[in-house]
**Q** 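Before anything else, here's the structure in question.
These figures come from a predicted structure and were not determined experimentally.
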Amino acid sequence: MSTLKRLTQPRYVLAIGIVIVVAVNLFPFYWMVLTSVKPGTELFSNPPRFFTTRPDFGAYVRLIESTGFLTYAKNSVIISTGATLLSIAVSAMAAYGLTRFKFPGSKAFTTGILYAYTFAPIVVVVPLYGLFRDLGLINTYGGMILAYASFGVPFSMWLLRPFFNSIPKELEEAAFLDGANRVKSAWYVVLPQATPGIIAVSVFTFLLAWEDYLFARVLITDTNMKTLPVALHDLQNASLQDWPLLMAAATLVSLPVLLAFLYLQKYLIAGWGAGAIK
């Protein structure tokens, strides 16, 4: 069989298509990283250079030394982690209760919770600012965590329901026969079985807080409390010509999320698969 005929077989066409799609999606990230280490003489070369033999990491040094990047990164980590933990704790308990206890109007309540997530953030950010100002939650970690959790809980609960539904109730009944109460059976029997789903939803909730710009811009006025998306936007406005510095910041903002996704991808696949059972 000739090489041309072999390449036109369906499996080869599919493989080539997948390679092209992956390359197209990864190229912007590659170009961002490349720009962050290009020396100044290669930034606007014509034709453009798709690699460099003289990488310059000076932009990363300037970013750490001349900006408050580490402070902004600390703020983002604290807020995103706190919002994730709070959202998962509340949504897991709510999802467990809705799958184990039936009451009149439970389906309508569940649907109403999902509708709460459909409200655009721009609709509630102004009244939320007024409420947080009166409560003294502006420029605080607690206020930002509550703001992100208010949007993370409805959708997280909706996603966790199928995971808890897929866990046989017979496992809990067996725990009851062994003397466990409801709390112990949920903690030691149900939650371990739902771990892939909880991890998958946690990643979603973390990304929601990590990448948000609107709430952070409105609810944070103190420079030392800024998160990375706001800092990146301000850096762009202040350093329009310093592309290596801007791309270095964008790379460091994207890298933790990419590494976390690569490490947790097996749990994500298992989680979404388990959630699709019912």
**Q** Going from CE on Met247 to CG on Asp242, what distance comes out if it is rounded to the nearest 0.5 angstrom?
**A** 10.0 Å
**Q** Test of understanding: clusters of I, L, V, M, F, W, Y form through side-chain heavy atoms closer than 4.5 Å, transitively. Do Val153 and Met93 belong to the same one?
**A**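 Shared cluster, no.
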**Q** Do Val61 and Ile64 belong together in a cluster built from hydrophobic side chains that touch within less than 4.5 Å?
**A**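 Cluster IDs for Val61 and Ile64 differ.
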**Q** Ignoring hydrogens and angles, tell me if any N or O in the side chain of Lys38 forms a donor-acceptor pair with the backbone of Arg49 under 3.5 Å.
**A** yes
**Q** Are Phe206 and Leu85 connected, step by step, through hydrophobic side chains (Ile, Leu, Val, Met, Phe, Trp, Tyr) whose heavy atoms are closer than 4.5 Å?
**A**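 Each belongs to a different hydrophobic cluster.
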**Q** Would Thr223 and Tyr72 count as a side chain to side chain contact (heavy atoms under 4.5 Å, CB included) here? Give the steps.
**A** CA-CA 9 Å; Thr223 301; Tyr72 308 144; 3.8 Å; yes
**Q** Is there a donor-acceptor contact under 3.5 Å from the side chain of Asn165 to the main chain of Thr99?
**A**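 A pair under 3.5 Å: no.
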**Q** Within the supplied structure, the quantity of interest is the number of heavy atoms (other residues, nucleotides, ligands) at a distance under 6.0 Å from Trp31 CH2; does it exceed 12?
**A**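 Yes, because the 6.0 Å sphere around CH2 of Trp31 holds more than 12 heavy atoms from other groups.
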**Q** Indicate the ring-plane relationship of His233 and Tyr213, choosing parallel, tilted or perpendicular according to the 30° and 60° boundaries.
**A**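 The arrangement is tilted - the two ring planes meet at 30° to 60°.
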**Q** Answer yes or no: are there more than 12 heavy-atom neighbours, outside Phe51 itself, under 6.0 Å from its atom CZ?
**A**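 Not buried by this count: 12 neighbours or fewer within 6.0 Å.
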**Q** Drop me the distance from Arg133's CZ to Leu135's CG, to the nearest 0.5 angstrom.
**A**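 Between Arg133 CZ and Leu135 CG, I get 10.5 Å after rounding to 0.5 Å.
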**Q** Give me the ring orientation class for Phe57 and Tyr60: parallel if the planes are under 30° apart, tilted from 30 to 60°, perpendicular past 60°.
**A** tilted
**Q** Quick one: does any side-chain atom of Tyr30 pair with a main-chain N or O of Phe50 as donor and acceptor, under 3.5 Å?
**A**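 Pair found, side chain donor or acceptor close to backbone of Phe50.
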**Q** Under the side chain to side chain contact (heavy atoms under 4.5 Å, CB included) criterion, do Phe27 and Leu34 qualify, and how do the steps go?
**A** CA-CA 10 Å; Phe27 181 77; Leu34 179 63; over 6 Å; no
**Q** How many angstroms lie between OG1 in Thr84 and CD1 in Ile145, if you round to the nearest 0.5 Å?
**A** 9.5 Å
**Q** Are the side chain of Asn25 and the backbone of Val21 linked by a donor-acceptor contact shorter than 3.5 Å?
**A**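 Side chain of Asn25 to backbone of Val21, a donor-acceptor pair under 3.5 Å: yes, one is there.
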**Q** Are any of the side-chain heavy atoms of Val230 and Thr227 separated by less than 4.5 Å?
**A**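 Yes, close enough: below the 4.5 Å cut-off.
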**Q** Any side-chain heavy-atom pair from Asp212 and Leu208 closer than 4.5 angstrom?
**A**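 Heavy-atom side-chain distance check fails, nothing below 4.5 Å.
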**Q** Is any side-chain heavy atom of Ile198 closer than 4.5 Å to one of Phe163?
**A**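 Side chain of Phe163 against side chain of Ile198, heavy atoms only: no contact under 4.5 Å found.
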**Q** Counting distance only, does the side-chain N/O of Trp210 pair as donor-acceptor with the main-chain N or O of Val253 below 3.5 Å?
**A**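 Flag set: sc Trp210 to bb Val253 pair under 3.5 Å.
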**Q** Do Trp158 and Val201 make a side-chain contact, defined as non-hydrogen atoms from C-beta onward lying under 4.5 Å apart?
**A** no
**Q** At their closest point, which heavy atom of Pro127 faces which heavy atom of Val123, and how far apart are they?
**A** CD-O, 3.7 Å
**Q** Between Met157 and Ser91, which heavy-atom pair has the shortest distance, and what is it?
**A**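 Shortest heavy-atom separation between Met157 and Ser91 comes out as N-CB, 3.5 Å.
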**Q** Roughly how far apart are Leu86 CG and Ile88 CD1, rounded to 0.5 Å?
**A**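 One finds 10.0 Å between CG of Leu86 and CD1 of Ile88.
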**Q** Looking only at heavy atoms, what is the nearest atom pair of Ser254 and Met32, with distance?
**A** OG-CE, 4.1 Å
**Q** Are side-chain heavy atoms of Tyr141 and Met225 found at a separation under 4.5 Å?
**A**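 Yes, close enough: below the 4.5 Å cut-off.
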**Q** Any side-chain heavy atom of Ile122 sitting closer than 4.5 Å to one from Val125?
**A** yes
**Q** Please evaluate residues Leu246 and Leu232 with respect to the criterion side chain to side chain contact (heavy atoms under 4.5 Å, CB included), reporting the C-alpha separation (whole Å), side-chain torsions for both, the decisive distance (0.1 Å), and the verdict.
**A** CA-CA 7 Å; Leu246 185 60; Leu232 189 60; 3.8 Å; yes
**Q** If we ignore angles and hydrogens, is there a donor and acceptor under 3.5 Å between the side chains of Thr221 and Asn139?
**A**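 On atom types as modelled, these side chains qualify, holding a pair under 3.5 Å.
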**Q** So, Ser76 side chain and Leu228 main chain: donor-acceptor pair closer than 3.5 Å or not?
**A** yes
**Q** So how far is it from Lys74 NZ to Thr71 OG1, rounded to the nearest 0.5 Å?
**A**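 Those atoms lie 5.5 Å apart.
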**Q** Answer with yes or no whether the hydrophobic clustering places Phe176 together with Val189; edges join I, L, V, M, F, W, Y residues whose side-chain heavy atoms lie under 4.5 Å apart.
**A**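 Different hydrophobic clusters.
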**Q** List the atom of Thr52, the atom of Pro55, and the distance in Å for their closest heavy-atom pair.
**A** OG1-N, 4.1 Å
**Q** Classify the ring geometry of Phe155 against Phe204: parallel below 30°, tilted from 30° to 60°, perpendicular beyond 60°.
**A**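 Geometry flag for Phe204 against Phe155: tilted rings.
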**Q** Test of understanding: clusters of I, L, V, M, F, W, Y form through side-chain heavy atoms closer than 4.5 Å, transitively. Do Leu258 and Leu207 belong to the same one?
**A** yes
**Q** Mind checking the OG1-CZ spacing from Thr205 to Phe151? Nearest 0.5 Å is all I need.
**A**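 Between atom OG1 of Thr205 and atom CZ of Phe151 there are 13.5 Å.
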**Q** For the residue pair Met144 and Ile220, what are the closest heavy atoms and their distance?
**A**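 Closest heavy-atom pair between Met144 and Ile220: SD-CG1, 3.8 Å.
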**Q** Counting only N and O atoms by type, is there a donor-acceptor contact under 3.5 Å from the side chain of Ser185 to the main-chain atoms of Arg182?
**A** yes
**Q** Look at the side chain of Ser150 and the backbone N and O of Ala147, then say whether any donor-acceptor pair between them is shorter than 3.5 Å.
**A**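 Yes: the side chain of Ser150 pairs with the backbone of Ala147.
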**Q** In sequence, state the C-alpha distance, the side-chain angles, and the governing distance for Leu235 and Leu63, and then conclude on side chain to side chain contact (heavy atoms under 4.5 Å, CB included).
**A** CA-CA 10 Å; Leu235 184 64; Leu63 179 67; 4.1 Å; yes
**Q** For residues Arg161 and Ala95, report the shortest heavy-atom separation together with the two atoms involved.
**A** N-CB, 4.0 Å
**Q** Would you call Leu137 and Leu219 a side-chain contact if the rule is heavy atoms closer than 4.5 Å?
**A** no
